[in-house]
Amino acid sequence: MYSMIHGKCSSEAVTDEIFKINFCTSKFGLTQSGECTLIKFGNMYDGGECIIFPSKEMRDWSKFQWEKGDVLISNDGGTEVIFDKWYDDTYTSFYCKHYLNSEDKNKIVYYEEFLCTTERYSLEDKDIAQTYINTIEKRLDGKLNLETLEIEKPKCEFKTFDKVLGRNEKDDVWEADLFSHYREESQYPFRCIGFSRKYCIPYEGNEHLLGTTDNFE
């Protein structure tokens, strides 16, 4: 933390009424350490201004409150990310997950991880954040775990020789096959008697999809 009076400092205690800090300063070559108690909003006196900040370089307390899993949006509205953790104790940069720039619909840019500049981002609206999460999950064919920030793939429930429909792209036709085994680390994890497949669904109950490009509901 950084105090406009004492320089670099650390938090000792925070309550609903006070903000206590520890500091170690030097003057004329002499080092002095001590404590300072501020009012809960970080000001020394009623009516005064806040003199304590996350760091000398980053003085926005609302951004300091970001938590792992928060969806953020860039100031220009073109990029959405998920906050992971701070880069260092200046709080001027942070690591994110699932960087998605969709400003140009014909050239969408995605990175699984990225280093972002704090001042360029703010907290996204909750409803819009959910739309972004839905987009990420659809793009990566899985479910976002907000604790790990990883995309979890659906568990394979097929047994050997089960009748299945498979395809490798969402605009391919569904083809009939027999399931063999599953390789989670592969781009085409559903190993079938005919081919390895990226997507696989039960044949039973989905017979009408055979030979079509229709989506599985």
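A quick note: this is a predicted structure, and the numbers were derived from the prediction, not measured.
- Note: W86 and Y91 have perpendicular aromatic rings, judged against thresholds of 30 and 60 degrees for the angle between ring planes.
- Considering only residues two or more places apart in sequence or on other chains, K8 meets the salt bridge (charged side-chain N to carboxylate O under 4.0 Å, His left out) condition with D89.
- Sorted by first and then second residue, the ring pair (Phe, Tyr, Trp, His ring centres under 6.0 Å) pairs involving residues 154-184 (not counting sequence neighbours) are F158-F179, Y182-F190.
- Shown here for V14 and S11, the closest heavy-atom pair between the two residues is CG2-OG, 3.6 Å.
- A donor-acceptor pair under 3.5 Å links the side-chain atoms of N206 to the main chain of P202, judged by distance alone.
- The minimum heavy-atom distance between Y99 and C96, with the atom names listed, is CB-SG, 4.1 Å.
- Take Y95 and apply the ring pair (Phe, Tyr, Trp, His ring centres under 6.0 Å) test, not counting sequence neighbours, and it matches Y87.
- The neighbour count for K68 NZ, taken as heavy atoms of other residues, nucleotides or ligands under 6.0 Å away, is above 12.
- Remark: the backbone N or O of T135 is not paired with any side-chain donor or acceptor of E137 at under 3.5 angstrom.
- Under 3.5 Å, the side chains of E49 and N43 contain no donor-acceptor pair of N or O atoms.
- A side-chain hydrogen bond (donor to acceptor under 3.5 Å, both in side chains) check over residues 111-124, counting only residues at least two apart or in different chains, returns the pairs K97-E113.
- Note on residues 169-187: pairs passing salt bridge (Lys or Arg N to Asp or Glu O under 4.0 Å), not counting sequence neighbours, are D141-K170, E175-R197, D177-R197, R183-E185.
- Listed by first then second residue, pairs satisfying ring pair (Phe, Tyr, Trp, His ring centres under 6.0 Å) with a partner in residues 192-217 number zero, not counting sequence neighbours.
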Show, in sequence, the C-alpha distance, side-chain angles and deciding distance for C50 and M4, and conclude whether the side-chain contact (heavy atoms from CB on, under 4.5 Å) test is met. CA-CA 9 Å; C50 177; M4 295 175 65; over 6 Å; no
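- For the side chain to side chain contact (heavy atoms under 4.5 Å, CB included) with E80, the lone residue among T131, I128, L72 that qualifies is I128.
- Side chain of T15 to backbone of I18: a donor-acceptor contact under 3.5 angstrom is found.
- Relative orientation of the F83 and F94 rings is tilted, given thresholds of 30° and 60° on the angle between their planes.
- At least one donor-acceptor pair under 3.5 Å links the side chain of S74 to the backbone N or O of T79.
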Step-by-step side-chain contact (heavy atoms from CB on, under 4.5 Å) determination, C200 to C192: CA-CA 9 Å; C200 217; C192 297; 4.1 Å; yes
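- When all heavy atoms are compared, the tightest approach of V173 to R167 is O-CB, 3.6 Å.
- A search for salt bridge (charged side-chain N to carboxylate O under 4.0 Å, His left out) contacts involving E204 returns nothing, not counting sequence neighbours.
- Taking the ring pair (Phe, Tyr, Trp, His ring centres under 6.0 Å) definition, one finds that Y2 meets it with nothing, sequence neighbours left out.
- Nearest heavy-atom pair across S3 and H6 is OG-N, 3.1 Å.
- Residues meeting the salt bridge (charged side-chain N to carboxylate O under 4.0 Å, His left out) test with R139, sequence neighbours left out: none.
- Considering only residues two or more places apart in sequence or on other chains, D46 meets the side chain to side chain contact (heavy atoms under 4.5 Å, CB included) condition with I39.
- Of the possible donor and acceptor atoms, one in the side chain of N145 sits under 3.5 Å from a partner among the backbone N and O of T148.
- The hydrophobic cluster around Y132 extends to V71, I82, L100, I108, Y110, I133, I136, L140, L144, L146, L149, I151, counting ILVMFWY residues whose side-chain heavy atoms fall within less than 4.5 Å of a member.
- With sequence neighbours excluded, no residue forms a salt bridge (charged side-chain N to carboxylate O under 4.0 Å, His left out) with E57.
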